[in-house]
Amino acid sequence: MRSTTTSSAAVLIVGLGMIGGSLAAALKASAYQGRVLACDRDPEEIAKGLEMGVIDAGGPELETWVAQSDIVVLAVPVLAMASVFERLAGCLGERILTDVGSTKGVVCEAAAQAFGALPTRFVPGHPIAGSEKSGVAAANPALYRRHKVILTPQPEADRDAVDQVRALWQGCGAEVLEMSVARHDQVLARTSHLPHMLAFSLVDTLARQDERLEIFRYAAGGFRDFTRIAGSDPVMWRDIFCANREALLGALDEFEAGLSRLRRAVEQGDSDAMLGTFDRASHARHHFETLLNQTSYQTMEARQVQYEVSPGGAVNGRIRVPGDKSISHRSIMLGALANGVTEVKGFLEGEDSLATLQAFRDMGVAIEGPYQGRVTIHGVGLHGLTKPAGPIYVGNSGTAMRLFAGLLAGQEFDTELTGDASLTKRPMARVADPLRLMGARIDTAEGGRPPLKIHGGQPLKGIDYDMPMASAQVKSCLLLAGLYAKGETRVREPAPTRDHTERMLNGFGYPVAREGDLAKLQGGGALTSAPIDVPSDISSATFFLVAAAITPGSDLVLEHVGVNPTRIGVINILKQMGADLRLENPREVGGEPVADLHIRHAPLKGIDIPVDQVPLAIDEFPALFVAAANAEGTTRLRGAEELRVKESDRIKAMADGLEILGVETTVYPDGIDVVGKGGDQPNYGGGQVDSLGDHRIAMAFTVAALRASAPIVIDDCANVATSFPGFVDLANRVGLTLVQTTR
């Protein structure tokens, strides 16, 4: 056989129906350089393909056309593949073989039986695309564009063959993924085969009734949308159901169990159970939509988001930034564990907080919303959670993972906590180790990293724990575990950290005592629902505080910002640097102090940041480094080792970016020196910096452009949505010039 590359290989499509014909049409539309051949037992299909120009040649003689090809694609019905494999066994040689069958187990078994073993150059495949139409006349060159194609090669498969099949589908505009045969058949049984079976069954059930004409006449759009797929090829779907029988029956068992639960809820008038089912389904459907549109951190392929910020501008107006992420997380957690209904206002609808909300839905909690920041949580009590169907995904949120570890350690069921690629690099031994001292059984990945596997049913006991680092997440984790522990849990922190958990637990009627650096609670109590008004996040407000502080002519008011004493390090530091910053209209909402922050531009000066302020501003330092770059003199930070283990190494990431802009820095193991120029002229140049997927790094360099002499381009900004939805629009509204591109 001649040596070829994918772009010039002769492709033989066996079975010139709609699927095979669409592949041929897509190859032709992409100006494919190789010949496109077809083999089909129906001469009329071959003639139609030639007439349409989607194939170059073809006929019914399999062996004849295999001899002229380099890649053979089987596009025949699944149950017909066994006979084709038997014929190919004598003539395939070293050619690449692939298929388009929607079940892979039965296809691989048939291939292994025909060839004696799976050929190493056989790459099973399945394009996730289709139509109710059939035949080559229905061929659509755009059928696979922006659709997924799943390849299921064996571990011993020839990687050159896999790469060539991948390139073939990518040339048609498809997104190509790989997974195991077993996983493919399980996933497709649930997401494709079961829905088709239900659609066929529903239409058949209604068609058997005497009133069927009236029923169909008055059916609304929902009926048409759901049953559209029942118009698909019956023979093809019979073959698929037979071929993937075991996985389909498993999926059908799960569906029947869920339907029985819903039926009981309807019979008993259990409105909470119905709401829980409908709300989980509604939001799961929303997640599915975001997957299709690639607008979420849960996409199979991460989006590449880039910011380009023009230099100059001023910052003016009155704005309200999104709700506090820390309080939003805790409002869902404690509301779910409380007795009664908790109403939340100002909830942050960012992806991290939504992941926490979805996790509790998966554990059986009925949650309404969010709708414009309003969430209603139907609490199930401390012992009312149920085992989720799979791992709990918390996205990019270290807060969620660490707090979940504490509350899940006290449950009767096993759970697994997972997150995105960034989160899997972050240390979790800091919560796993003290939880083990309380009696929990927790497995971590190498180096104490996620995922966390938590074994339920372990009796917990209270401990007296001195935290080796100042961490509100560790403190909160242990206090939440303490709710389920026998005796008293006592946590001592080396420096003050945010106390949202203690305040909110007290607000829910669960006493937490504070004695200096010690927080303590007694296990075995209960939480009672309470309303929560989430203040604006001071971490999100920080970017605009710094923007106004460094930019001449700026005058900005940030409304309803949380000014918890354990979170105002950024305010104290900016004031020490000379910022014109005032707290107006101070008040308390739901146990949390809030105020409007009014800031005007004023010259800043470099300072030695007080060590006692470091834990009070740990998340705000990326923006504060930008303030330091615009201050007169050197700003010095020490005692901030924690910045090394955030979403990125924030000391190094900021130093690298500032160096690109021309700002002088010196990095230390626990801090950094930043040398600023001060004055009203641009203090540095532009350039392209990498945020390393860290939302705070991305937003900090966005603000830096206000005092740059040239544009700043920031890579890898998709995670900004995790903490600050609407950041781009708000930045442009107050005076920045920011353009976001996605690819």
Side-chain angles (χ1 to χ4, degrees), residues 15 17-20 22-23 73-82 98-111 124-134 138 143-144 147-153 169 174-207 222-262 280-281 284-285 287-289 291-292 300 389-390:
M18 187 276 298
I19 293 291
S22 293
L23 174 58
V73 182
L74 296 194
V76 299
V78 169
L79 295 187
M81 287 192 185
T98 186
D99 77 301
V100 299
S102 67
T103 64
K104 306 318 309 174
V106 69
V107 170
C108 290
E109 289 173 8
H126 177 206
I128 311 297
S131 167
E132 292 75 56
K133 300 176 182 179
S134 59
L143 184 66
Y144 306 113
H147 281 69
K148 292 178 175 62
V149 173
I150 300 175
L151 304 183
T152 61
W169 285 110
E175 175 190 350
V176 183
L177 311 170
E178 290 187 30
M179 64 175 62
S180 70
V181 168
R183 178 62 175 159
H184 169 276
D185 286 358
Q186 291 169 357
V187 169
L188 269 295
R190 288 157 175 77
T191 59
S192 175
H193 305 166
L194 179 62
H196 278 82
M197 173 173 279
L198 299 179
F200 280 121
S201 177
L202 176 60
V203 174
D204 178 60
T205 299
L206 296 181
F223 177 83
R224 291 195 297 271
D225 290 343
F226 176 69
T227 60
R228 172 186 58 81
I229 54 178
S232 302
D233 183 351
V235 175
M236 177 185 74
W237 282 103
R238 177 207 62 189
D239 291 353
I240 290 171
F241 294 160
C242 290
N244 202 28
R245 179 178 57 195
E246 295 305 318
L248 178 59
L249 288 174
L252 193 58
D253 287 343
E254 294 169 0
F255 175 77
E256 289 177 341
L259 190 62
S260 294
R261 287 193 297 271
L262 184 56
R280 282 193 300 274
R285 182 62 177 80
H287 285 311
F288 171 66
E289 193 70 27
L291 285 173
L292 289 181
M300 292 185 182

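These numbers were taken from a predicted model, which means no experiment stands behind them.
Shown here are the salt bridge (charged side-chain N to carboxylate O under 4.0 Å, His left out) partners of Asp185, two or more places apart in sequence or in another chain: there are none. In terms of the side-chain hydrogen bond (donor to acceptor under 3.5 Å, both in side chains) criterion, residue partners of Glu178 (sequence neighbours excluded) are, by chain and number, Arg159, Arg166. Partners of His196 according to the ring-ring contact (aromatic ring centres under 6.0 Å, His included) rule, which considers only residues two or more places apart in sequence or in another chain, are Trp237. Legend: residues meeting side-chain hydrogen bond (donor to acceptor under 3.5 Å, both in side chains) with Asn244, ordered by chain and number and at least two apart, are His193. When the side chain to side chain contact (heavy atoms under 4.5 Å, CB included) test is applied to Leu249, the partners found at least two apart in sequence or on another chain are Arg245. Residues meeting the side chain to side chain contact (heavy atoms under 4.5 Å, CB included) test with Leu79, sequence neighbours left out: Asp239, Cys242, Ala243. Every side chain to side chain contact (heavy atoms under 4.5 Å, CB included) that Ala80 has, sequence neighbours left out, goes to Val76, Pro77. Leu262 meets the side chain to side chain contact (heavy atoms under 4.5 Å, CB included) test with Met274, Thr277, Phe278; sequence neighbours excluded.
Put simply, the side chain of Ser201 never gets that close to the backbone of Met197: no donor and acceptor are under 3.5 Å apart. Panel note: side chain Lys104, backbone Gly125; a donor-acceptor pair is recorded below 3.5 Å.
A heavy-atom distance below 4.5 Å is found between the side chains of Thr103 and Ile240. At least one side-chain heavy atom of Leu143 sits less than 4.5 Å from a side-chain heavy atom of Ile19. Inter-residue side-chain proximity for Asp204 and Phe200 is flagged as unmet; no heavy-atom pair is nearer than 4.5 Å. Residues Ile128 and Tyr144 are not in side-chain contact: their nearest non-hydrogen atoms beyond the backbone lie 4.5 Å or more apart. Considering only heavy atoms from C-beta on, Ser192 stays 4.5 Å or farther from Ser102 through its side chain. With a 4.5 Å cut-off on side-chain heavy atoms, Thr98 and Leu74 do not count as touching. A 4.5 Å side-chain heavy-atom check between Thr152 and His184 finds at least one atom pair inside the cut-off.
The residue from Val100, Leu188, Val149 that alone fulfils the side chain to side chain contact (heavy atoms under 4.5 Å, CB included) condition with His126 is Leu188.
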